[in-house]
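Just below is one structure, and these are the notes that go with it.
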Amino acid sequence: ADFSRSGAFDRAVNAFGASSILDELLETGDTAQANLHKMLNLRKAKQAATRFGAALYERAVVLDADTYACDARALEAVAAALEDADVVVVSRARTPNCLKPVSKALGASKDDVVPEYNTGVLGLSRASLPLLERWDHWHARLACNGQDQPAFRAALTEAVGQGLRLADLGEDDAQQAFSEPSTKPY
């Protein structure tokens with residue numbers, strides 16, 4: 001499917017309104033604890049916007065506000081992978097955090113926990129809504145330095161164990177297309 005010409009990418013949701021949370025983060029003089037609290041609130045807003053997108057559309061490709069696709073074919077690759085999957089991830093987290101707390105909270109061995117993925121680019125079907133609810137749950141419970149990837153890892157481990165279909169596009173062409181222009185066909 002050619003999503004770049006369908007108008008599907010013309011609709012966007014601004015989860016942060018006037019970006020008051022971001023403005024607060026930029027203020028100086030706050031303690032590290034106060035900034036962590038603000039970051040947790042910012043992540044909660046991201047998770048709410050992600051759930052909204054997945055609920056609104058049968059299939060959604062969700063990008064962080066600081067992420068852009070250098071090639072429309074990257075978006076098409078994620079959307080195409082959603083034909084056979086409920087969740088599509090594009091890249092693993094650069095510096096995975098909290099494996100031990102995640103495995104302990106899940107009562108699972110470290111080998112039974114899915115890899116930690118970057119959540120800046122996700123393909124989601126409506127079937128992912130329970131995963132997204134659990135992401136919020138785990139984010140409140142784990143609070144790994146305000147990062148959302150460890151909580152997503154916990155929720156995804158649960159969801160895959162319950163039959164959610166995951167497609168990992170890997171660290172190859174699709175991931176590269178979200179960071180630098182390419183002439184490769186996806």
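- Without hydrogens or angle criteria, Arg126 side chain to Leu56 main chain gives a donor-acceptor distance under 3.5 Å.
- No chain of hydrophobic side-chain contacts below 4.5 Å, direct or via other Ile, Leu, Val, Met, Phe, Trp or Tyr residues, connects Leu124 to Tyr57.
- The heavy-atom pair separating Pro150 from Leu142 by the smallest distance is O-CD1, 3.9 Å.
- Here CZ of Arg153 is found 9.0 Å from SG of Cys98. Values are rounded to the nearest 0.5 Å.
- Atom-to-atom distance recorded for Leu132:CG and His137:NE2 is 14.5 Å, nearest 0.5 angstrom.
- We find the CD-CD distance between Gln47 and Glu133 to be 10.0 Å, quoted to the nearest 0.5 Å.
- For the residue pair Ala108 and Asp112, the shortest heavy atom distance occurs at CB-CB, 4.2 Å.
- Taken together through direct or relayed side-chain contacts under 4.5 Å among Ile, Leu, Val, Met, Phe, Trp and Tyr, Leu156 and Val62 form part of one hydrophobic cluster.
- Hydrophobic clustering, with ILVMFWY side chains joined whenever heavy atoms are under 4.5 angstrom apart, groups Val90 together with Leu63.
- What you find for Ala55 and Leu129 is that their closest heavy atoms are N-CD2, 3.9 Å.
- Using a 4.5 Å heavy-atom cutoff, the side chains of Thr119 and Lys46 are in contact.
- Between Ser125 atom OG and Leu82 atom CG the span is 6.5 Å, to the nearest 0.5 Å.
- One hydrophobic cluster, built from ILVMFWY side chains closer than 4.5 Å, cannot hold both Val114 and Leu99; they sit in different ones.
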Run the numbers on Val89 and Leu122 for side-chain contact (heavy atoms from CB on, under 4.5 Å), then give the verdict. CA-CA 5 Å; Val89 293; Leu122 295 172; 3.9 Å; yes
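- The nearest pair of heavy atoms linking Lys110 to Ser103 is CG-OG, 3.8 Å.
- In this structure, Leu169 and Ala81 approach most closely via the heavy-atom pair CD2-CB, 4.1 Å.
- No continuous path of hydrophobic side-chain contacts links Val88 to Leu164 [ILVMFWY only; heavy atoms under 4.5 Å].
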Requested in this report: Could you walk me through whether Asp136 and Arg51 pass side-chain contact (heavy atoms from CB on, under 4.5 Å), step by step?
Outcome: CA-CA 10 Å; Asp136 196 39; Arg51 281 195 312 276; 3.7 Å; yes
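- The structure places CZ of Arg134 at 15.0 Å from OG of Ser128, a figure rounded to the nearest 0.5 Å.
- Between the side chain of Trp135 and the main chain of Asp148, a donor-acceptor pair closer than 3.5 Å is present.
- A distance of 5.5 Å separates OG1 in Thr157 from CG in Leu106, rounded to the nearest 0.5 Å.
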- Message: Determine whether Tyr117 and Asp168 satisfy the following criterion, side-chain contact (heavy atoms from CB on, under 4.5 Å), listing intermediate values before the conclusion.
- Response: CA-CA 9 Å; Tyr117 293 103; Asp168 180 350; 3.1 Å; yes
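- Across all non-hydrogen atoms, the minimal contact from Val78 to Gly123 is CG1-CA, 3.6 Å.
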